[in-house]
Amino acid sequence: MKEISIALAGNPNSGKTSIFNELTGTSQYVGNWPGVTVEKKEGTWRKNKKVKIQDLPGIYSLSPYTPEEIVARDYLLHQQPEVILNVVDASNLERNLYLTTQLLETGIPVVVDLNMMDVVKKMGNRVNEEKLAYGLGTPVVCTSAVKGDGVEAAAEKAEKWAKDKTFSPTFPSYDRKLESALSEIEDFLPSTISSRQTRWYAIKLFERDTRVQAELSFSEEIQKEIEEIIQISEKIFADDSESILINERYEFIVKLVELCSTKKDSFKLTWSDKIDRIVTNRILAIPVFAFVMWLVYYISIQTIGTMGTDWINDTLFGTIIPNAATGAMVSLHIAGWMQALVLDGIIAGVGAVLGFLPQIATLFFCLAVLEDCGYMARIAFVMDRFFRKFGLSGKSFIPMLIATGCGVPAVMATRTIENEKDRRMTVMVTTFMPCSAKLPIIALIAGAFFPTSSWVAPSAYFIGIAAIVLSGIMLKKTALFSGDPAPFIMELPAYHMPRARGVLQQTWNRSVAFVKKAGTIIFVACILIWFMSSYNFQLKPVAEDVSILAAIGNVVAPLFAPLGWGNWRATVATVTGLIAKENVVGTFGILYGGMAEVSENGHEVWPMLQVAFTSVSGYSFLIFNLLCAPCFAAIGAIHREMITWKWTGIAIGYQCGLAYLVSFVVYQLGSWFFENNNFGLGQFLAIGVIGGIIYALVRKPRKKLDMAGVPSAI
Amino acid sequence: MSTIILGGLIFGTAGYIVYSKLLKKGAGGCNCSDCNCPVNSRQNETH
Amino acid sequence: MIPLIEAELEKNYIFVGFASGKDAERTSVEKHLLDLGLVRGTEIKVVSHSGGNVIILIHDSRIAVDKVVSDNVIVSEYSVPVESAAISLDELSVGEYSKVVAIIGKGGVKRRLMDMGLTKGVSVFVRKVAPLGDPIEINIRGYELTLRKAEASMVLVESVKE
């Protein structure tokens, strides 16, 4: 049997990836905002390995607007899948069927999948799929991908339709004046074009698509005749040819929707819109957002999540596991150095990271709720007004939202930004957002130095945003990035109650990934760090202070002395953070945890940290690690988007530079203000740095901006 | 004796992780904590 | 007619066009808006204002646009008639004078109609329309011609006040 490909195509945020996950048994990231999938993904159907499923980025039409839409268009038109499973958001038929009319015209067999039927029913509306199938001339199936209903049946239908020998495409029919113009154009098409595709070519010629014109390379005479046909139609409809088609498509759809669905007056503002009135209000929007994020971080890192973390740190990794491991190893007569490796290396290091799982899982849960209910997509809209003032579009905020999970997909998500300069800048600043791997650092510093202040954990998030905003202002003024902000047009999902299944699934997937990473990369790194911190260059077991790691760390440490933490342990932790940010905490677990035999409160690391750092230097350490170069994986992603090493270098250099300066200012001024240090050279320089940053913020742009491009005061 | 077995276990696992994460073709060293790393899925497609 | 940015909340508007004018030089942003369903005559409702940025409701979906875009979108409280009056011949009523604008349709039929004198610019007068609208009798170039409705629909005319 021949292999066939089912392509999942549809509007952004219509649930393609949910269906893909259901069919292939994978767990690709699903988000409730447009533009989560930026690349084509391939998988095989669980039920039939000969059927390939292609998940495409969401598109609104076959004339692409953003780079990731081109991916989907090119695949559909050039690779010609055997069948398209057109995923349609049934709660928003009119807009979704617009793409359907275009897909039908490609001549590829299409099965229309009415997704989110559960939402439609809940709203008290009905869609008659038989009438819709009759009107479109193609099979229609109903699914509810979030619940997993009907998905298998949809794929079966698609497979059957692909193999149907009697298939001949049916096209939506438009106004007869347009139809006759199209059929006239069809007469000019060469016979080499298969009958399935004549309609598509005729329409493209009617739209004056330059690519198709070039492909067909008509003689001048024919070109002139076609142009005449188009001009006559334009005169008849008093519109340009593209608008004529779009109008006709929508007219066709409106009639069809009237025929096949019953719905209450949808052109009324719903409670969803009333919420929007408040959360996107020009005055309230930013305070509401700040409060929500403060709450999320405060709850997950400093209150609820902490309870779980305390138990894991104190009881599980503090007593139960070390005691059990010691007991087992003693009874098995395991060599002393091996016992040390297991206890002081692996359990201390991996345990220090895993201890933060409850906090991270709580955060993942909160973010998943916010995202699923539709609030996160609004943030991009709210931030657009704010971002536009310094020359970035709100579109740049979508990658930043993704970055709260992981920087790698975030950097890739910048592909939804059309403007090249904006895209580069977003790549540079996106990783300032605290990703989940940085959370243990935040939680550690907040727990060890600021157990009573509610602002420390949320402040990490806002420092990330502030760094992005300030970078935006400063970078826009350099010649490298000057230019107009890209226009912002984004569809917003309607609010709905978060669905337990989706939210829990996402929390679970991300938590599992976190544990997996602790068990693999962090595990290996801990072994290395333990070894290097327990032996010297002659491979003799020594005290930590004269170990390989100390020797290396001491060379680099003076660099960080002005930031308040010029000791080798902190230096090494920062450097190991490049492999994975969780390593910062893992390294502390080994270097500080291993020294104390058993501390009284169980938090072995905390008292040692409190000796090594002051509150201000701890905070400075946190800021540096939040803002400096991300992990290697993210650096790799940055390089893939930036393409040249020069740009990658600029990005990493800028991140580290900014991190250094901000930490420097915070430590120097903080230690003077809060910890009674003398006002000396460091403080003087810090004020100089602030002056420099202010100058960079307010100076005149290097390259003269087109005045029209300067966002006027809002 | 048990030391050797435990050592073999730990270093064997570590070796396997290094191999599968860094050296194996297509691994690419991507290790983001999100369950879907688009980088990984792309590399899986190519072979 | 006002730019979207000045539109009031909770009021229905009709999309009229873009402030930037010429259809032919449409920017990619405007093209994208068309694809999203913002075509002439579309009903628009403003859901939320946020200092120039607005959320609009069209075709059942909510779309957020920034200030520059909302400044460019022109809406009206009332629907605006399309400026051209080109209609097909069969839509005329008895006694109306009109002028042929164009003949649409396929080669053979088009040729025949033109052979009978229905060419661009010629004036046409509708004499009689059969009870069911088919056929139609017209006066053209001084003689009477009977057309079937299907043929008449291929002739586009412009009303002429006489």
Side-chain angles (χ1 to χ4, degrees), chain A residues 60-61 63 65-66 89 91-96 98 176-177 180-181 183-184 187 229 232-233 235-240 242-243 246-247 250 266-267 269 272-273 276-277 279-282 285 377-378 380-382 384-385 388 393-394 418 484-485 487-494 711-712 714, chain C residues 9-10 12 17 22-24 26-43 45-55 57-69 72 82-88 101-107 109-110 150 153-154 156:
Chain A
Y60 287 111
S61 86
S63 352
Y65 177 63
T66 56
D89 174 357
S91 62
N92 182 3
L93 269 183
E94 280 186 31
R95 246 276 324 296
N96 277 259
Y98 177 72
R176 49 205 167 129
K177 292 167 207 153
S180 59
S183 65
E184 269 185 87
D187 290 344
I229 295 170
I232 290 175
S233 304
K235 210 161 181 186
I236 300 168
F237 290 93
D239 221 334
D240 64 305
E242 272 184 323
S243 308
I246 295 173
N247 262 318
Y250 272 107
S266 67
F267 210 66
L269 298 186
S272 165
D273 300 315
D276 267 342
R277 200 65 58 77
V279 302
T280 64
N281 180 287
R282 64 182 299 173
R378 263 76 181 178
F381 170 72
V382 168
D384 177 75
R385 187 159 59 94
R388 199 156 288 275
S393 155
E418 313 91 65
D484 297 355
F488 177 80
I489 303 170
M490 194 172 105
E491 194 186 353
L492 300 177
S712 48
I714 299 169
Chain C
L9 294 173
E10 302 243 18
N12 286 11
K22 287 300 284 174
D23 281 346
R26 187 166 289 137
T27 61
S28 67
V29 177
E30 291 165 359
K31 177 83 203 336
H32 185 54
L33 286 168
L34 286 180
D35 278 335
L36 285 172
L38 198 62
V39 288
R40 193 176 292 163
T42 309
E43 273 189 289
K45 201 172 232 176
V46 177
V47 173
S48 172
H49 269 296
S50 181
N53 288 16
V54 291
I55 301 177
L57 180 64
I58 52 169
H59 289 285
D60 252 6
S61 61
R62 287 156 189 84
I63 293 171
V65 296
D66 69 55
K67 186 176 180 290
V68 180
V69 178
N72 189 23
V82 183
E83 54 274 27
S84 157
I87 47 171
S88 60
V101 176
I103 313 283
I104 54 173
K106 286 203 148 197
V109 186
K110 182 178 176 180
S153 73
M154 290 181 180
L156 285 169

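Lettering follows sequence order; numbering is per chain, from 1.
- With rounding to the nearest 0.5 Å, the separation of CG in C/Asn53 from CZ in A/Arg282 is 10.0 Å.
- Interface residue C/Val29: backbone and side-chain heavy atoms are both found under 4.5 Å from chain A.
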Going through the distances and angles, do A/Lys235 and C/Leu156 end up as a side-chain contact (heavy atoms from CB on, under 4.5 Å)?
CA-CA 10 Å; A/Lys235 210 161 181 186; C/Leu156 285 169; over 6 Å; no
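- Note that CZ of A/Arg95 and CG of C/Leu38 are 11.5 Å apart. Values are rounded to the nearest 0.5 Å.
- Contacts of A/Ser91 with chain C are made by backbone atoms alone, with heavy-atom separations under 4.5 Å and no side-chain atom involved.
- At distances below 3.5 Å, at least one donor-acceptor pair connects side-chain atoms of A/Tyr250 with backbone N or O atoms of C/Gly37.
- For a residue to count as touching a neighbouring chain, one of its non-hydrogen atoms must lie under 4.5 Å from one of that chain's; by this rule A/Phe381 touches chain C with backbone and side chain alike.
- Using a 4.5 Å cut-off on side-chain heavy atoms (C-beta onward), C/Asp66 and A/Arg388 make contact.
- Put simply, CZ on A/Arg378 and CZ on C/Arg62 are 7.5 Å apart, with the number rounded to the nearest 0.5 Å.
- By number of non-hydrogen pairs under 4.5 angstrom with chain A, the leading residue of C/Ile63, C/Asp35, C/Val69 is C/Asp35.
- Note that OH of A/Tyr60 and CG of C/Leu34 are 14.5 Å apart. Values are rounded to the nearest 0.5 Å.
- How far OG of C/Ser61 is from CG of A/Asn92: 4.5 Å, rounded to the nearest 0.5 Å.
- The CG atom of C/Leu57 sits 11.0 Å away from atom CG of A/Leu492, with the distance rounded to the nearest 0.5 Å.
- For the pair A/Asp273 and C/Lys45, the minimum side-chain heavy-atom distance is 4.5 Å or more.
- Of the two parts of A/Asn281, only the backbone, made up of N, CA, C and O, holds a non-hydrogen atom closer than 4.5 Å to a non-hydrogen atom of chain C.
- Considering only heavy atoms from C-beta on, A/Arg277 comes within 4.5 Å of C/Leu9 through its side chain.
- Between C/Ser50 and A/Val382, the closest side-chain pair of non-hydrogen atoms is not below 4.5 Å.
- Of all heavy-atom pairs spanning A/Thr280 and C/Ser48, the tightest one is OG1-OG, 2.5 Å.
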